[in-house]
Amino acid sequence: MSDQEPSYAISVRVKHTHRSKYKNQRRHDLRIGVPPSYVQNKRSERNRVLVELPMPAVITARAKELREKTDPSRAMRADAAVATIGIITFGHAAQQIFEALTTAQQDDAYLEVAQSIADEYGTTIRGLVVHADETAPHAHVVWDCRDHDGVPMSRVMKGSRLQDIAAEVIERHASGIERGVRKSVRIARGDKPSQIYNRSVQQLHQDLPLELEAKRQDLKQFSDRVDEMRARVEKLEAKEELNAKEGKRLATYRNRLAARLEEYTEAKAVLASKVQATDQREEALNIKERVLDKAEEQLDERETIIDQRDTEILVREKDVVRREGILDLLTNELSKLINDVADRLGVGRSLRAILGRLKSASDELKEDGPSLG
C-alpha cells in the first residue's frame with residue numbers, strides 16, 4: 001500500500017506496562033493535568049469512559065493477586081508489568097466510515113472488540129476510554145496483565161491474531177472496515193519500512209497537528225489579505241485617468257500590498273520551518289519508539305526466562321519434598337521393625353540410642369537443604 005492509497009483498516013496495538021507507565025497512560029486517557037498540544041480542548045467533553053480505569057494501586061494489587069496463582073518463589077519486581085494497555089485505531093478511509101455511526105454504535109463496537117480480545121486470551125477488561133478530541137477517533141483499553149490462571153499476557157497476547165479479532169468484530173458494526181495487510185505481505189511486496197511500521201501512539205492521532213494547522217490558517221489569512229489588496233490596486237490601475245484623491249489612494253494601496261506580500265512571505269517561511277520541524281520531531285519519536293519497543297521486548301524475554309526458571313525450581317522443590325516424605329515413611333517403618341526385632345533379642349535400648357544419633361545427623365542434613373543450582 002502506498003502512502004496515497006486510502007486505508008480501510010482497523011488496528012489494535014498492545015503493550016505490557018509497569019506501574020509508572022500505567023499511571024502516565026491513565027492520566028493521558030482521563031485528560032488529567034495539562035493536555036497534549038494536539039488535543040482539541042473544546043471537544044474533550046465528547047470523550048467517553050465506557051469502563052472506569054482503576055487507580056495504579058488497584059491494578060498493581062490485581063496483578064500481584066493473579067501472579068500468586070503461579071506459586072512464585074520470589075517477590076514481584078518493581079518494573080514488572082501490572083497492566084496490558086491497548087489502542088484501537090482506524091485508517092484514514094476507515095475513519096470516515098466509523099464516524100458515520102452514532103456514538104452508541106461506536107461505543108458498542110469498541111466494547112465488543114475489547115471484550116473479544118479478553119475472551120480470546122482469558123483476561124479481563126479493566127478500563128476503556130474513547131477519545132473524540134483528537135484528529136482521529138480511537139479508544140484506549142486496559143486489560144489484566146495476566147490470564148485467569150496467572151499466565152502473563154506478554155507470552156500470549158501478541159502477533160497478528162489481534163488484528164484478526166478486531167476485523168471480525170468490526171465487520172458486524174461497520175461494513176467496509178477491514179483487516180490491515182499483514183506486515184509479512186507488505187515486506188514481501190517491497191513496501192518501505194516507513195510505510196509498514198507504526199509511528200508513536202501520539203503521532204498516530206495527529207495526522208494534521210493542530211499547531212501546524214494553525215500556521216496554515218495564518219498563511220491563508222495573509223494570502224487572502226494580499227489578494228484583497230491586489231484587487232484594489234488592479235481596480236484603480238485599470239482606470240484610464242485618476243483624480244488626485246484616487247492617485248493618493250493607489251499609492252497607499254501599493255504600499256499596503258507590498259507590506260502584505262512581505263508578511264505573506266514571512267508566514268510562508270515560518271510554515272515551511274514548522275513543517276520541517278514537525279517531520280524531524282516525528283522521525284525522532286519513531287526512532288525513540290523503536291528503541292523502547294526493542295528494550296521492552298528484551299524485558300519481556302527476560303521475564304519469561306525468569307518465570308520459566310521459577311517454575312523449574314518449584315518443580316524441583318516439590319520433588320525434594322516428595323522424596324523426603326517417602327524417606328521419612330520408610331525410616332519410620334524400618335525403625336518399628338528394627339525395634340521389634342531388637343526387643344526380642346534384648347538389645348533394644350542400645351539400638352535405639354544408635355538410631356537416635358542417626359536421626360539427629362539426618363535432621364542436620366535436612367536443615368542444610370538440597371542444592372537447587
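Start at 1 with the first residue, then count along the sequence.
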Verify, without hydrogens or angle tests, whether [X] (side chain) and [Y] (backbone) share a donor-acceptor contact under 3.5 angstrom.
X    : Y    : result
D144 : R146 : no
Q163 : V12  : yes
R126 : L53  : no
Y22  : T60  : no
S116 : V113 : no
S223 : L219 : no
K69  : H148 : yes
W143 : I117 : no
E246 : N243 : yes
H131 : D29  : yes

Would you say the ring centers of F98 and Y8 fall short of 6.0 Å from each other? no

First locate atom [atom1] of [X], then atom [atom2] of [Y], and finally report the distance between them rounded to the nearest 0.5 Å.
X    : Y    : atom1 : atom2 : answer
L250 : L236 : CG    : CG    : 5.5 Å
K220 : D227 : NZ    : CG    : 9.0 Å
K64  : I59  : NZ    : CD1   : 13.0 Å
T252 : M229 : OG1   : CE    : 9.5 Å
E134 : N47  : CD    : CG    : 8.0 Å
I85  : K15  : CD1   : NZ    : 7.0 Å

Are [X] and [Y] connected in the hydrophobic side-chain network, where two residues link if heavy atoms are under 4.5 Å apart?
X    : Y    : value
I125 : I10  : yes
M153 : V142 : no
V51  : L30  : no
V151 : V82  : no
V14  : L111 : yes

Atom of [X], atom of [Y] and distance for their closest heavy-atom approach:
X    : Y    : result
P137 : Y110 : C-OH, 3.7 Å
A109 : I170 : CB-CD1, 4.0 Å
I177 : A94  : CD1-O, 3.8 Å
L128 : A114 : CD2-CB, 4.5 Å
A63  : A81  : CB-O, 4.3 Å
R27  : G33  : NH2-CA, 3.9 Å

Whether over 12 other heavy atoms sit under 6.0 Å from M76 CE: yes

Within-4.5 Å side-chain heavy-atom neighbours: [X] and [Y]:
X    : Y    : result
R254 : R232 : no
Q115 : E112 : no
L242 : K239 : yes
M157 : E120 : no
V129 : L50  : no
S160 : R179 : yes

One thing to verify: whether D79 and R19 come together as a salt bridge, which I'm taking to mean a side-chain N less than 4.0 angstrom from a carboxylate O. no

Residues R161 and E168 bridged, charged N to O under 4.0 Å: yes

Inter- and intrachain pairs under salt bridge (charged side-chain N to carboxylate O under 4.0 Å, His left out), touching residues 34-61, at least two apart: R48-D107

Verify side chain to side chain contact (heavy atoms under 4.5 Å, CB included) between S11 and I88, making sure each step is shown before the conclusion. CA-CA 6 Å; S11 173; I88 304 171; over 6 Å; no

Verdict with supporting geometry, R225 and E263, side chain to side chain contact (heavy atoms under 4.5 Å, CB included): CA-CA 10 Å; R225 292 174 64 187; E263 290 175 345; 3.7 Å; yes

Give the intermediate values and the outcome of side chain to side chain contact (heavy atoms under 4.5 Å, CB included) for residues V58 and M55. CA-CA 5 Å; V58 174; M55 295 292 289; 4.2 Å; yes

Residue pair Q105 / H173, side-chain donor-acceptor N/O under 3.5 Å: no

Between T84 and H16, a side-chain donor and acceptor under 3.5 Å: yes

Between H138 and H140, is a side chain to side chain contact (heavy atoms under 4.5 Å, CB included) present by the stated rule, with each step listed? CA-CA 7 Å; H138 63 280; H140 295 275; 3.4 Å; yes

So, using salt bridge (Lys or Arg N to Asp or Glu O under 4.0 Å) as the criterion, who are the partners of E65 when residues are at least two apart? R62

Can you name the side-chain hydrogen bond (donor to acceptor under 3.5 Å, both in side chains) partners of E171, sequence neighbours left out? none

